[in-house]
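It should be emphasised that the depicted structure is a prediction, and the values quoted were computed from it without experimental measurement. Lettering of chains follows the sequences in order, A, B, ..., and the numbering in each one begins at 1. Just so you know, these numbers use all the heavy atoms, side chains as well, and skip hydrogens, waters and symmetry mates.
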Amino acid sequence: MVVSVVPDVTAITKEFDYVVPPEMRDHVRVGTMVRISLAGRRVGAWVTALNVEPPSAVALRPIAKVTGWGPSADVVELARWAAWRWCGRLPSLLGTASPPGAVVALPPVPGGRPPMSGPVSELAAAALAQPCAVLRLPPTEDPLAVVMAAMALGDALVVAPSVSMARLLAARLKRSGAAVALHPSQWVVAAAGGCTVVGARAAAWAPCPSMAAVVVLDEHDEALQEERSPTWNAREVAIERARRAGVPCLLVSPCPSLEALAAGPLVTASRNEERAAWPILDVVDRSRETGTAAVGPVSERLARLLRTDGRVACVLNRTGRAVLLACTVCQHLATCERCGAAVAQDGEGMLHCRRCGLMRPVVCTSCGSTRLRARKPGIERVAADLRAMLQEPVAVLTAGTSEAPVPPERVVVGTEAVLHQLPDARVVAFLDFDAELLAPRYRANEQALALLARAARLVGRRADGGRVVVQTRNGRHDVLDAVLNADPGRLVAGERARRAELSFPPLSALAVVSGAAAAEFAKSLLVGVPAGVDVLGPSDGTWLLRAPSHRVLCDALAATPRPAGRLRIEVDPLRL
DNA sequence: CGGACAAGCTGA
DNA sequence: CAGCTTGTCCGG
């Protein structure tokens, strides 16, 4: 027998044919991991096709060794599709779908599954009657009942946005009597079948031989997208996988993405139920403040709101003491004399250029004054202000201090990291939510709403005292309106219209091309540029490709030869 | 990717 | 022209 294989070598995109020695024949199927000798060296490879017609011209070599089980044939085909969809290389996707170590044999499937106990969401059950549906599950609702609804159909594949959430969910399911495999560590258990498979984004590629349903939790979460190229998105992979398998796909989120809403009908709880499952949103609109009240990062009203009982988390995505300073005498902005970038004040004293690293004393380069005021204060400065206003100790927390234990102080100021690290917070306050609402990114609104949903999950339902506070000068912003009414749907029509107006996804498909070889790639793309594909750029050595659909975009990318040299193609860029 | 081989450069 | 570097090609 002759088989096709894809070598596990990054730069090789070709498939090769090898002879399967008779003694290996029973162990070779599509997806099987083997070792081959290619151009004189031993490399790993995946079998991608059986019984291929051997090319007569070349002498075929035998497969050197069968390493063990790999992804199933349907997942190999899914990887082929994803290689096209995200313009990536097959080996990297097959690697994600493969077990962490060699798997020689699968364990026997445990028979006689014990009865499960636990609540089943009727809403989810109804949504699972559709081929693909979106379930808008409020932030404080437990997704367990949703997963249970999928498991009622048989073995479910469940994708969560983080490893910790997947681990927690798997443990809870196990406790309720379900057969569960955690991907990727329990790859073998999953491959044997007869269980529900749970994992983070890579679980979209997990083995699940008798898959009956696919569930994506927090489908809006950007962690579902791989940051390295190919930038595949687990939601999209899950949708395609379920479609190919003919099983229902359920996309769950408190704030469904426009991408999800385009994939299937929306199912929601009643208005009252949904409203009850969001916390109270306090909008501190500073646009009307005048005089001394308007100065400083903490308004009087915010300070009053923070004088509650229980843990308070203040979020400000600016580290240090001040990221932007201005002279109080001549109003000149403090910039770096070497590179011209704005200088920041990280601790006491010295100004620091975060672009070129130059340090200098706190002196205005324009008039020589030593009196500079923080125009954009950082968390260190805010913590100092809060200490003075609240008359109590205030801790500072950043991603860098992440492994540190939870600080004993009641009030904690930090970057977005606090939303992950303070599970007991009763109040979350965003000190400068305009930084999110006005962020120069096309997904800013969805990202801002997702941030509020995350905060909502942390502080809990309004009836339990959950409260989220935002300081802003855009008190009537659509995102705030949606959360005030606990109705994320309010953002959808307007947001879709804005995206359509500017030809942004999901009403178009985008790709960013960068790297040393980007110029050559863009040039050859322009030669045969297909109708509908816009090539914009270059800007900073990167090109932006835009097409009306992924079919047009990905076909154009696939038809363009890949030049030698470093080239990064990011399909569906999140930060733009 | 990494080995093979060809083309290009240098020094005697 | 040997001996070395650099670049390009290709693998079953």
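- Between A/Tyr442 and A/Phe504, the ring planes are parallel. Angles under 30° get that label, and only those over 60° would be called perpendicular.
- A/Arg562 places a side-chain N or O within 3.5 Å of a backbone atom of A/Leu567 that can act as its donor or acceptor partner.
- Along DNA chain B, read 5' to 3', the first and last nucleotides having any atom under 4.0 Å from a heavy atom of chain A are B/dC1 to B/dG2.
- Put simply, the side chain of A/Arg201 gets close to the backbone of A/Ala223: a donor and an acceptor are under 3.5 Å apart.
- With A/Arg235 contributing its side chain and A/Glu219 its backbone, the two residues share a donor-acceptor pair below 3.5 Å.
- Remark: side-chain polar atoms of A/Arg136 are not paired, donor with acceptor, to backbone N or O of A/Ser253 under 3.5 angstrom.
- In the model, A/Asp572 has a side-chain atom that pairs as donor or acceptor with a side-chain atom of A/His550 under 3.5 Å.
- Residue-level contact check: A/Arg61 touches the backbone only, with heavy atoms under 4.0 Å from sugar-phosphate atoms and none from bases.
- Nucleotides of DNA chain C lying under 4.0 Å from heavy atoms of chain A occupy a range whose first and last members, 5' to 3', are C/dG11 to C/dG12.
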- Item | Working for side chain to side chain donor-acceptor pair (under 3.5 Å), residues A/Asp540 and A/Thr542 | CA-CA 6 Å; A/Asp540 280 339; A/Thr542 66; over 6 Å; no

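- If you check residues 1-29 of chain A against DNA chain B, the residues with a heavy atom closer than 4.0 Å are A/Val9, A/Ala11, listed by number.
- Salt bridge annotation for A/Glu222-A/Arg575: present, with a cationic side-chain nitrogen under 4.0 angstrom from a carboxylate oxygen.
- Side chains of A/Asn317 and A/Thr415: a donor-acceptor N/O pair is absent below 3.5 angstrom, by distance only.
- Looking at A/Thr231 and A/Ser229, their side chains never bring a donor and an acceptor atom within 3.5 Å of each other.
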